[in-house]
Each structure stands twice: as C-alpha cells, then as structure tokens.
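One structure below.
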Amino acid sequence: MITRRDFIKYSLQGAAAIAIPALTIEILNPSKLFASKDTKKVRWGFLVDTQKCVGCGFCVRACKLENEVPYDANVSRTWVERYVVTKDGRVLTDSPKAARDGFTRNDPAGINIKKGDIEKAFFVPKLCNQCENPPCVQVCPVGATYQASDGVVLVDRKWCIGCGYCIMACPYGVRFFHPVYRTAEKCNFCYHRITKGMKTACVQACPFGARLIGNISDPNDEVGRIIRTERVTVLKDEYGTKPQVYYRGLSKEVR
Amino acid sequence: MKSHVLRPLYVVIGIIALVLIIRGFIVPKDFGVYDRGYMYSWYRKSNEDEWKAFKVKHRSSEYCKDCHTDKYSSIMQTPHAIIQCENCHDPAIDHPENPPKLSINKSREQCLRCHSYLPYPTSNRANIKAIDPDNHNPDIECVMCHNPHKPSLEGFKK
Ligand code: SF4
Ligand code: SF4
C-alpha cells in the first residue's frame, strides 16, 4: 500500500523529472536550429572611398542625431580619421570629437605641418565592420550581442549586462558603452533604415559619395560589384574576422 | 546509504531544479539558437524587430522637395545640390507636424567643414573651392556674402 506521503513525494519527483528537461533542454534542440532560416538571402556590406572623403564630418553628425548617441559625449558609432604622412616619414593621425565638426585646420594631432612637408594626406571613415566571424558575438556570455541572418551584428539592450567583454574582444575598437542606456553600443548599419529600403544616415548625409551601403549578395548591387571587380581592402585582415566594410584606396599607414 | 548523507544532495538537486524551472519561465520563447549556431547566433529573435522599429529621423532632400519646391529647385542648380537639406537644417523627423520649424545652421564653421583649404594630396579635399579662414574675411559669417542655396557671388542680391 502506498502512503499518502509517498504518493505526494513520487508525484512531485515525477513532475520535476518531466519539467526540467522540457524547460531547459529547449535551447539545445537541433530541430529549432535551422527552423528560422531565411531563404531570400541578404548580406549587408559597406564600401568606403578614402579618396572621395573630404573630412567634412557630416556623416558623424548625422549618425549621432539619427541614432541618439549624446551629441557632446566623447563617443560615436562612426568617426573619421585624418592621416598626414610627412616627407620625413612621420605619420600623424587624429579624429577630434570623432570629426563631428569636420576638419577645418591643417593641424594633425595638434601639430602644424607645412604644405611642402606633406607626402600624402587623406581621411578614413570607420565604423563597425559587421564581421562575418564577429569575435564580439563569440565572447558575449548572455547572447545579447548577436548576428542576424543578414550579417548585421546587433546588441539587445534588454539582455546586455554591461560586462564589456565585447568591447575588449573587438579588434577594431568600434564599441563603447552608451552613456544613457549603459549597455554596449556600436554601429548597426542603421538597421531601422536599411530594413525599410533606406540608406544609412551617414551614407545619405555624405555629399561626396565616400560611403556606400548595399546588399552584396544581390548580383546587381553596386557595392557588391565593386567589391568583386575592383581592388578593395579590409582592415586587419589577419585577424580572420572577415570584415564586411571594404575600403577603396586604403594605404598601409591605416590601422 | 543513510539518508542523512543523501539529504544535502537532494537539497542541492532541488535548488538546481528550481533555478532551471524558473529560468524556463523567465527566458522568452524566441530566445534560442538560429542560423549560424551557438557561436554566432544565440539570441532573442524579437530584438531584431525592436531595432527595426527604432525611429527614423533623417528623411532626405526628396522628402523636403514637395513643400519647398522653390528652395529645392534653386539649390539643385548649384554645386550645393549634393548636400542634403538636413545637413544644415537638422533632421526632419516628423516635420512639418513635429518639430514644426527646423533650425538653420548659418555658422562659419558649417561652411568651413568643406571650404577651409587643406593641402591634402590623395584626398578630394584639395580639389574643393576653398579659402584660408585666417585671411578670408575672418570673424564674419559666410552667409553675409554667400547664399548657401546659390553660393556663387553672382547669385547674391543685396
Ligand atoms: S567590428 Fe568589432 S563590433 Fe563590429 S562585428 Fe567586428 S568585432 Fe564585432
Ligand atoms: S560625410 Fe562623406 S566626405 Fe564628409 S567626412 Fe563623412 S564620409 Fe567623408
């Protein structure tokens, strides 16, 4: 005869034995793994032309206003670097206030360089590379930084615990803490715009076409065509992160 | 084995089970592993939609042209046609409803972004019509002499 006490005990054990796997193994279920696979393929890529960029900084201004990054805080999702290489081999770089107000003086890194001493000088816009193998995603312990199926790396503000691993893991230094949300922040290719068929705010604001965005898996896409047929470079190729921001006319001084 | 040995073990197992059960209720249904497996796409799917719903602020000159046809068509005749209205007038957001009036940046700094001469070879900056800000009418706003919608001096009416 089973006692009432044993009956309750066994029932609870049985219920727990069923409940635990049902509630916990879910995230390991392989059938769910490919369930959401999107068949119409989109892969967002970016193209930067360092010759066309004039360092006006309209892109940085537009980005900050569009994406609600506090205008006067010393952080930005994108920035423009100035490179001045002198005839005697010095490389001077700067990006004051992320170049939000543009470059109006010939004083790279606060040093006045005479016109005759300049070997070459140019501007390099930078932003998150939406890497194909993003280390920032690999290290995120809570699944807050992730890669969507169109390749864009997004940060879930509700899940980010602010541990800063992603900021340490990104070899390009494009991540920072958002001063208001206090979560990891970075460029997401204006996900709210590109998914509606618009250009990113920086691409739209650039008067010189120095920035372009496109769906590089579309055979008719201009950005994809240039990447496939012209000489383009990526930053820090040796890390194997496979950046999807491509540069035209990048010279070896740029890191 | 005697139960006093096993009892702490039961307690531990019980706590673990409790934590896992609570976790099962807290973690949203769409938090899971998607296309590229555990290493790259382990996330809450609905966050994609949250980002898609983020407010668009810059509307582009195309959005301005229907109401401000005169301004739009005059600037289109000038080299400034390549500049978005919102680069000087701030993002339109819900304009005209809200904000009803946009600000205008008439500062000298705004013009110097492109028109301060920088001798930079291998950059198109060197090819833009430019001035030396220290010698070209320092201390007055460019808009005193140049109309940004018609920047050449011939277009300037007193
Ligand atoms: S550039 Fe940095 S933040 Fe962007 S995807 Fe690559 S590793 Fe992540
Ligand atoms: S708006 Fe275009 S030209 Fe100006 S700094 Fe940005 S990328 Fe360069």
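Per chain, numbering begins at 1; letters A, B, ... match sequence-line order.
With a 4.5 Å cut-off on non-hydrogen atoms, B:I128 touches chain A through its side chain but not through its backbone. In this structure, chain B has a heavy atom under 4.5 Å from the backbone of A:T50, while its side chain stays farther away. For chain B, the nearby part of A:C140 is the backbone; its heavy atoms alone come within less than 4.5 Å. Only the backbone of A:V142 comes within contact range of chain B, judged by heavy atoms closer than 4.5 Å. With a 4.5 Å cut-off on non-hydrogen atoms, B:R108 does not touch chain A at all. Heavy-atom distances place no part of A:V153 under 4.5 Å from chain B, backbone and side chain included. Of the two parts of B:D132, neither the backbone nor the side chain holds a non-hydrogen atom closer than 4.5 Å to a non-hydrogen atom of chain A. For chain B, the nearby part of A:K196 is the side chain; its heavy atoms alone come within less than 4.5 Å. With a threshold of 4.5 angstrom between heavy atoms, B:L118 approaches chain A through side-chain atoms but not through N, CA, C or O. The part of A:A201 that comes within reach of chain B is its side chain, from C-beta onward, which places non-hydrogen atoms under 4.5 angstrom from that chain.
With respect to A:R105 and B:D134, a salt bridge is recorded, a charged nitrogen being found less than 4.0 Å from a carboxylate O. Salt bridge annotation for B:R36-A:E132: present, with a cationic side-chain nitrogen under 4.0 angstrom from a carboxylate oxygen.
In this structure, A:K242 places its NZ atom where only 12 or fewer heavy-atom neighbours from other residues, nucleotides or ligands lie under 6.0 Å away. For B:K52, the NZ atom sits in a packed shell: over 12 heavy atoms of surrounding residues, nucleotides or ligands are nearer than 6.0 Å. For B:Y10, the OH atom is loosely surrounded, since the number of other residues' heavy atoms within 6.0 Å does not exceed 12. Atom OH of A:Y165 has 12 or fewer neighbouring heavy atoms from other residues, nucleotides or ligands inside a 6.0 Å radius.
Here the SG-CZ distance, from A:C190 to B:F54, works out to 8.5 Å after rounding to the nearest 0.5 Å. Taking CG of B:N124 as the start and NZ of A:K52 as the end, the distance is 8.5 Å to the nearest 0.5 Å. Atom CZ of B:R125 sits about 8.5 Å away from atom CZ of A:F208, to the nearest 0.5 Å. Taken from CD in A:Q147 to CG in B:D35, the straight-line distance is 9.5 Å, to the nearest 0.5 Å. We find the CG-NE2 distance between B:D49 and A:H192 to be 15.0 Å, quoted to the nearest 0.5 Å. Rounding to the nearest 0.5 Å places CG of A:L154 at 10.5 Å from CD of B:E50.
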Audit row: B:F31, A:W159, ring-ring contact (aromatic ring centres under 6.0 Å, His included) steps and yes/no: CA-CA 11 Å; B:F31 192 93; A:W159 285 84; 4.7 Å; yes
Could you walk me through whether B:N47 and A:Y146 pass side chain to side chain donor-acceptor pair (under 3.5 Å), step by step? CA-CA 10 Å; B:N47 184 241; A:Y146 63 92; 2.8 Å; yes
So A:T104 and B:E109, side-chain contact (heavy atoms from CB on, under 4.5 Å) or not? Walk me through it. CA-CA 8 Å; A:T104 55; B:E109 288 70 36; over 6 Å; no
Let me see the working for B:Y120 and A:F123 under ring-ring contact (aromatic ring centres under 6.0 Å, His included), right down to the final yes or no. CA-CA 9 Å; B:Y120 291 171; A:F123 300 98; 5.7 Å; yes
Could you walk me through whether A:K115 and B:Y117 pass side-chain contact (heavy atoms from CB on, under 4.5 Å), step by step? CA-CA 11 Å; A:K115 186 182 172 185; B:Y117 177 68; 3.4 Å; yes
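Ranked by heavy-atom pairs under 4.5 Å with chain B, the list A:M198, A:R193, A:K199 is led by A:R193. Looking only at heavy-atom pairs under 4.5 Å with chain A, the residue among B:N87, B:I82, B:L18, B:V56 that has the most is B:N87. Residue with the most contacts toward chain A among B:D90, B:I93, B:I83: B:D90 (heavy-atom pairs, distance under 4.5 Å). For the set B:H80, B:Q84, B:H115, the count of heavy-atom pairs under 4.5 angstrom toward chain A peaks at B:Q84. Each of A:A205, A:G102, A:G209, A:A210 has some count of heavy-atom pairs under 4.5 Å with chain B, and the biggest count is that of A:A205. If you tally non-hydrogen atom pairs under 4.5 Å between each of B:K57, B:K55, B:M39, B:E86 and chain A, the highest count goes to B:K57.
Taking the ring centre of A:F58 as origin, the terminal cationic atom of B:R113 falls inside the region bounded by 6.0 Å and 45° from the ring axis.
B:S123 contributes a side-chain N or O that, together with a main-chain N or O of A:C53, makes up a donor-acceptor pair within less than 3.5 Å. Between the side chain of B:T122 and the main chain of A:A121, a donor-acceptor pair closer than 3.5 Å is present.
Checked by atom type, the side-chain pair B:H58/A:E66 shows a donor-acceptor distance below 3.5 Å.
Taking each heavy atom of B:P91 and A:L65 in turn, the nearest pair found is CD-CD1, 3.7 Å. For the residue pair B:P119 and A:I118, the shortest heavy atom distance occurs at O-CD1, 3.8 Å.
Side-chain atoms of B:W51 and A:N188, non-hydrogen and from C-beta on, do get closer than 4.5 Å to each other.
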